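What you see is a predicted model, and the numbers here were worked out from it, not measured in a lab.
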Amino acid sequence: MSEHPLTTLPTGPPGNSVIEGLSTVEVRWILSGQLDAAIAGWFRRFPAETESREDAYLIRPVLRGLSVKIRAGRALEVKMYHGCPGILDAAGRARGRLESWRKWSFPFGPLGPYGAGPPVWTVVHKTRRISRFRLASGRIISGVPGPATESACAVELTDVRSGSETWWSLGFEATGSPDLLHSTLQGTAALVFAQALPADVEFDISHCQSYADWLSRRRVPE
């Protein structure tokens, strides 16, 4: 697992270029191994954009209830966990714990080499396929952009690499009106999982975890 420390603090006066705190409801499954072509084909029925990036996660010290990362070397993102609003059970094809988060993002400079010692960061390489859904007139619509304030859900299928290990992930993130986050995610999941999964693929509670939880459970080299 590759490690880099924090070297450059956010710049500019307080309040400048800072994204206002954003409430989300999320669910994610992370599984070991290479992403199967059958899963990629299953996901391909929805329009998707693709991006590749490296995110650096703070893994020491352990901050319970917080996820701290540097997104693509450009933004410092801090997420605070606000509890589990329920369990997602989508047509018996996926089961996972929903998580409520509050997220802030700040401008950030590039990472660079640094001497030994805390804090410790680990870099996660991601290639993401992202499909976007929105709630319109009481129903979930795929691939149709709407106003930024409208309730929406991003669904991502991601190839993940950390050190020499390969993983993959399916995640849902609902944003918009706080009162509609849960129903927007539930409706999106119902649409995504309406088609049966490829054989031998299971999204269950044992695979359900945030990136922060996943990294905290893995052995970090000293």
Side-chain angles (χ1 to χ4, degrees), residues 22-53 55 67 79 83-101 103 124 126-160 166-214:
L22 176 70
S23 293
T24 68
V25 169
E26 308 175 20
V27 63
R28 176 175 301 281
W29 296 269
I30 303 176
L31 297 91
S32 62
Q34 191 76 33
L35 175 63
D36 192 279
I39 280 288
W42 171 83
F43 191 76
R44 200 174 293 127
R45 68 194 197 275
F46 300 109
E49 59 197 69
T50 302
E51 69 164 24
S52 293
R53 71 177 197 228
D55 293 341
S67 172
K79 294 173 66 176
C84 173
I87 298 294
L88 173 72
D89 193 339
R93 292 170 178 158
R95 184 172 172 80
R97 287 178 298 274
L98 300 176
E99 297 183 344
S100 292
W101 294 84
K103 177 166 60 179
V124 177
K126 304 175 184 176
T127 300
R128 307 164 71 221
R129 303 160 183 83
I130 308 163
S131 290
R132 303 191 185 278
F133 302 80
R134 68 184 179 96
L135 181 65
S137 301
R139 54 191 291 261
I140 298 294
I141 300 175
S142 166
V144 182
T149 56
E150 198 166 49
S151 295
C153 187
V155 185
E156 63 172 61
L157 181 66
T158 306
D159 292 282
V160 180
T166 301
W167 301 69
W168 63 278
S169 171
L170 179 70
F172 292 69
E173 181 186 70
T175 57
S177 170
D179 295 339
L180 296 174
L181 293 175
H182 189 283
S183 59
T184 300
L185 192 149
Q186 291 274 7
T188 301
L191 181 60
V192 170
F193 290 111
Q195 179 173 312
L197 293 163
D200 302 325
V201 176
E202 292 185 9
F203 296 113
D204 58 29
I205 290 286
S206 66
H207 299 127
C208 184
Q209 55 196 320
S210 66
Y211 280 119
D213 283 341
W214 170 64

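- Counting all heavy atoms, side chain and backbone alike, Ile205 lies closest to Gly96 at CD1-CA, 3.7 Å.
- For Lys126 and Tyr211, the positive end sits near the middle of the six-membered ring, less than 6.0 Å away and at most 45° from its axis.
- Of all heavy-atom pairs spanning Phe43 and Ala48, the tightest one is CE2-CB, 4.4 Å.
- Judged by distance alone, with hydrogens and angles left aside, the side-chain atoms of Arg93 form no donor-acceptor pair with the main-chain N or O of Ala190 at under 3.5 Å.
- Below 30°, between 30° and 60°, or above 60°: for Phe133 and Phe46 the angle between ring planes is above 60°, a perpendicular geometry.
- Residues Leu157 and Leu35 are in side-chain contact: their nearest non-hydrogen atoms beyond the backbone lie under 4.5 Å apart.
- Pairing each heavy atom of Thr184 with each of Thr188, the nearest pair is O-OG1, 2.8 Å.
- Closest of all the heavy-atom pairs between Leu181 and Gly176 is CD2-N, 3.7 Å.
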Side chain to side chain contact (heavy atoms under 4.5 Å, CB included) between Ile130 and Val155, worked out: CA-CA 6 Å; Ile130 308 163; Val155 185; over 6 Å; no
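- The side-chain heavy atoms of Asp36 and Pro198, taken from C-beta on, include no pair separated by under 4.5 Å.
- From Leu88, atom CG reaches atom CH2 of Trp29 across 5.0 Å, with rounding to the nearest 0.5 Å.
- A side-chain N or O of Thr127 and one of Ser52 form a donor-acceptor pair less than 3.5 Å apart.
- When only modelled atom types and interatomic distance are considered, Ser206 and Asp204 share a side-chain donor-acceptor pair under 3.5 Å.
- Across Trp101 and Ser67, no two heavy atoms sit closer than the pair CZ3-CB, 4.0 Å.
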Audit row: Arg97, Val27, side chain to side chain contact (heavy atoms under 4.5 Å, CB included) steps and yes/no: CA-CA 6 Å; Arg97 287 178 298 274; Val27 63; 5.9 Å; no
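- Distance check: Ser151 OG to Ile140 CD1 gives 8.5 Å after rounding to the nearest 0.5 Å.
- Closest approach of Ile30 and Ser169 over heavy atoms only: CG1-OG, 3.9 Å.
- Classification of the Trp42-Phe203 ring pair by plane angle, with boundaries at 30° and 60°, yields tilted.
- To the nearest 0.5 Å, atoms CG (Leu185) and OG1 (Thr175) are separated by 10.5 Å.
- In this structure, CG in Leu170 is found 12.5 Å from NE2 in His207, a value given to the nearest 0.5 Å.
- The side-chain heavy atoms of Arg129 and Arg44, taken from C-beta on, include no pair separated by under 4.5 Å.
- Note that the OG atom of Ser23 and the CG atom of Asp179 stand 10.5 Å from one another [nearest 0.5 Å].
- Shown here is Glu202, whose CD atom has no more than 12 heavy atoms of other residues, nucleotides or ligands within 6.0 Å.
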Working for salt bridge (Lys or Arg N to Asp or Glu O under 4.0 Å), residues Glu173 and Lys103: CA-CA 12 Å; Glu173 181 186 70; Lys103 177 166 60 179; 3.0 Å; yes
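- Of the possible donor and acceptor atoms, one in the side chain of Ser131 sits under 3.5 Å from a partner among the backbone N and O of Pro47.
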Working for salt bridge (Lys or Arg N to Asp or Glu O under 4.0 Å), residues Arg28 and Glu99: CA-CA 9 Å; Arg28 176 175 301 281; Glu99 297 183 344; over 6 Å; no
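- The CD atom of Glu49 sits 10.5 Å away from atom CD of Glu156, with the distance rounded to the nearest 0.5 Å.
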